[in-house]
2 protein chains.
Amino acid sequence: MNQLAATTSFASGARIAEIAALLGDPARANMLLALMGGPALTAGELARHAGVSAPTTSGHLAKLAAAGVVAARAQGRHRYYRLASREIAEVLHALMLAATLGPPRHRPPGPRDGALRLARSCYDHLAGRLAVALLGALEAQGHLRLSSDGEAVEPTPQGRAFLADFGLDLDGAGERAGKGGRARPLCRTCLDWSERRPHLSGRLGAGLLERLLTLGWLARVPGSRALTLTRAGEAGLIATFHLPPDWREGEGGAPVQMARQQTPRTHP
Amino acid sequence: MNQLAATTSFASGARIAEIAALLGDPARANMLLALMGGPALTAGELARHAGVSAPTTSGHLAKLAAAGVVAARAQGRHRYYRLASREIAEVLHALMLAATLGPPRHRPPGPRDGALRLARSCYDHLAGRLAVALLGALEAQGHLRLSSDGEAVEPTPQGRAFLADFGLDLDGAGERAGKGGRARPLCRTCLDWSERRPHLSGRLGAGLLERLLTLGWLARVPGSRALTLTRAGEAGLIATFHLPPDWREGEGGAPVQMARQQTPRTHP
DNA sequence: ATGACGCTTCGGCCACGGCCGAAACATCGG
DNA sequence: CCGATGTTTCGGCCGTGGCCGAAGCGTCAT
């Protein structure tokens, strides 16, 4: 018998409930939402995100770690926490999408909303209006081919060359087939949470974000998931990707203000 | 400003936690898992699935309905409950996937597992070994084209004709662009929960399941999500789709026993 | 009409779990 | 070695919420 099928069994309601219950506390949900930004955060930072005391935070994190929702890495007197797996990130993503549906309850459109809507990191890839615009530009240039429904997406041969030239190794051994015997999708569209339009995810999306950060075209905003597009970055994206200069306006809408640097973080 | 962007705001941790907390109770999780099968179920049936009393079930369902997780429809002295949206189904799907990872805790491989692994319904489409085999057969016949990573999938012109001939109207007005202004993906691969290999989801997957049920090639098993492949169905699938006769063996594994009819349900 | 059945509401019990302050433990800097 | 800082453990308080039995209200059948 297939070894995989032998070890894989069905998820019981109990196990599902266990995970969901862990995400079902406001404090923990806010921590995990903060971790969706990608980089690992310290327990103290997570405590501030959650709005609870340090002891309470520690208890929450211990439970999350025991259940395999987050993973911890000790470094000096800090402990850095990150989401334990991409599967967990996808649960959170699905929850975010479902949460935008519900009843039209009170949703304070804080000032940070604008920056987040414009560009942010989503676990390991780029999201927001910029991500949607980049996908559009790549498609318009013939680098990517989208299926008619906008779900399936694949790089054209020309696009592969273009992206390789930009510094992305799409066939690289970077992420081979996991233990599941299945390679991570090269580039999958991921329904954007704020724009409700698809953007790039998968290996290509992750590589793109990494490359843009390396180039200094994008910079992380310490306290949030927001990303700033630097002057060089905007010029570079317009020159290289033919990003339309009016990309901030989204679907013919008004431009949104960009994220600004806040209090710098103290860890590497 | 784009009207959608104006009304769409960011999901707060509170709202996420609200939904997750509702899925985070064993009784409710078992109810929702049962509803993942597709057809609406009565409150009594859900009570049996959850293993709690009728009053308790009623309370749970009231909460789930108030939060927009399930939807109710009264009919006679029964009340039929179903999942309220595809977004909720996708949250559950992501949770099921995440649940198979965790620590190797006790997972009783009950006798029903085999039937479920072979063929079952997953919200609105087909899942299990049969679904994986069907996707493989469609690809082998040149009706579908998969990208190298097995994520993107699209019907070939020949495939469209073949599927239309089989009774599937892929371009039909059946499911147009939703309020999000985005059409439902035609056919998206959906990582199979038990096989951990992709199978057909999306509009095509839903249409295929519906058609197979209409033809009597597949039949629902009352008490569970399992599906039975009828004699006519097996012959038909082998003749029409060129399903390999040894499809039950999965990846070179041992065959799995098929689901048998159980106690018949009393509602239409 | 009258009983049977399905579902919901009500009332009350009880346990689980989130929260904090105090204190212990670890690490870094002087 | 000694404070300062980050994190965890401990103890105890208290509200939330799951659970059931009894009772109420519909719908269907005879």
Side-chain angles (χ1 to χ4, degrees), chain A residues 13-14 16-32 34-35 40-67 69-82 222 263-268, chain B residues 13-14 16-32 34-35 40-67 69-82 222 263-268:
Chain A
I16 296 223
E18 181 188 345
I19 300 179
L22 284 170
L23 317 191
D25 174 81
R28 284 192 295 252
N30 280 317
M31 295 181 204
L32 295 170
L35 289 177
L41 301 176
T42 68
E45 288 172 314
L46 289 170
R48 260 166 273 136
H49 275 284
V52 293
S53 71
T56 301
T57 302
S58 181
H60 283 316
L61 289 172
K63 285 179 191 172
L64 290 170
V69 174
V70 303
R73 187 173 54 89
Q75 186 168 336
R77 53 181 167 184
H78 295 279
R79 289 196 73 183
Y80 286 91
Y81 287 91
R82 60 174 176 81
T263 66
R265 273 247 292 295
T266 53
H267 78 86
Chain B
I16 298 227
E18 182 188 344
I19 300 179
L22 285 169
L23 315 192
D25 174 82
R28 285 193 295 255
N30 280 317
M31 295 182 203
L32 295 169
L35 290 176
L41 301 176
T42 69
E45 289 171 314
L46 290 170
R48 259 165 275 134
H49 275 284
V52 292
S53 71
T56 301
T57 301
S58 182
H60 284 314
L61 290 171
K63 285 180 192 170
L64 290 170
V69 174
V70 303
R73 187 172 54 88
Q75 187 170 331
R77 53 181 166 182
H78 294 280
R79 289 196 72 184
Y80 285 90
Y81 288 91
R82 61 174 175 81
T263 66
R265 271 248 292 295
T266 53
H267 78 85

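Since the model is a prediction, treat every value here as computed from it, not as a measurement. A note on names: the letters A, B, ... follow the listed sequences, proteins ahead of strands, and every chain is numbered from 1.
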Check whether any side-chain N or O of [X] sits under 4.0 Å from OP1 or OP2 of [N], and answer yes or no.
| X | N | value |
| --- | --- | --- |
| Y81(B) | dT8(C) | yes |
| T42(B) | dC7(C) | yes |
| H78(B) | dT27(D) | no |
| S58(A) | dT7(D) | no |

Measure [atom1]/[X] against [atom2]/[N] and give the value in whole Å, please.
| X | N | atom1 | atom2 | value |
| --- | --- | --- | --- | --- |
| L22(A) | dC16(C) | CG | P | 16 Å |
| L46(B) | dT8(C) | CG | P | 10 Å |
| R48(B) | dC5(C) | CZ | C1' | 12 Å |
| R73(A) | dT7(D) | CZ | P | 13 Å |
| Q75(B) | dC28(D) | CD | C1' | 13 Å |
| L23(B) | dG18(D) | CG | C1' | 16 Å |
| K63(B) | dT8(C) | NZ | P | 14 Å |
| D25(B) | dT16(D) | CG | C1' | 13 Å |

- Hey, which of these two, G76(A) or T56(A), hits DNA chain C nearer its 5' end, going by closest nucleotide?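 Of the two residues, T56(A) wins.
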
- Message: Within the 4.5 Å heavy-atom criterion, are L23(B) and I19(A) side-chain neighbours or not?
- Response: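 The answer is no, as the side chains (C-beta and beyond) never meet within the 4.5 Å cut-off.
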
- Message: Are the side chains of L32(A) and V70(A) in contact, using a 4.5 Å heavy-atom criterion?
- Response: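 Yes, close enough: below the 4.5 Å cut-off.
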
As a test of reading the structure: which of [options] is closest to the side chain of [X], going by heavy atoms?
| X | options | value |
| --- | --- | --- |
| R79(A) | dC19(D), dC19(C), dT8(D) | dT8(D) |
| R77(A) | dC28(C), dT8(C), dC19(C) | dC28(C) |
| H60(A) | dC19(C), dT8(D), dC19(D) | dC19(C) |
| A54(A) | dA22(C), dT7(D), dC19(D) | dT7(D) |
| P55(A) | dT9(D), dC20(D), dC7(C) | dT9(D) |

- For Y81(A), the option from V69(A), L46(A), L41(A), L64(A) that meets side chain to side chain contact (heavy atoms under 4.5 Å, CB included):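 Only one option passes, and that is L46(A).
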
- Query: R28(A) side chain to A21(A) main-chain N or O, any donor-acceptor pair under 3.5 Å?
  - Reply: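 Side chain of R28(A) to backbone of A21(A): a pair is present.
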
- Item | Where T57(B) and A43(B) come nearest, the two heavy atoms and their spacing |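 Distance-wise, the nearest heavy atoms are CG2-O, 3.7 Å.
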
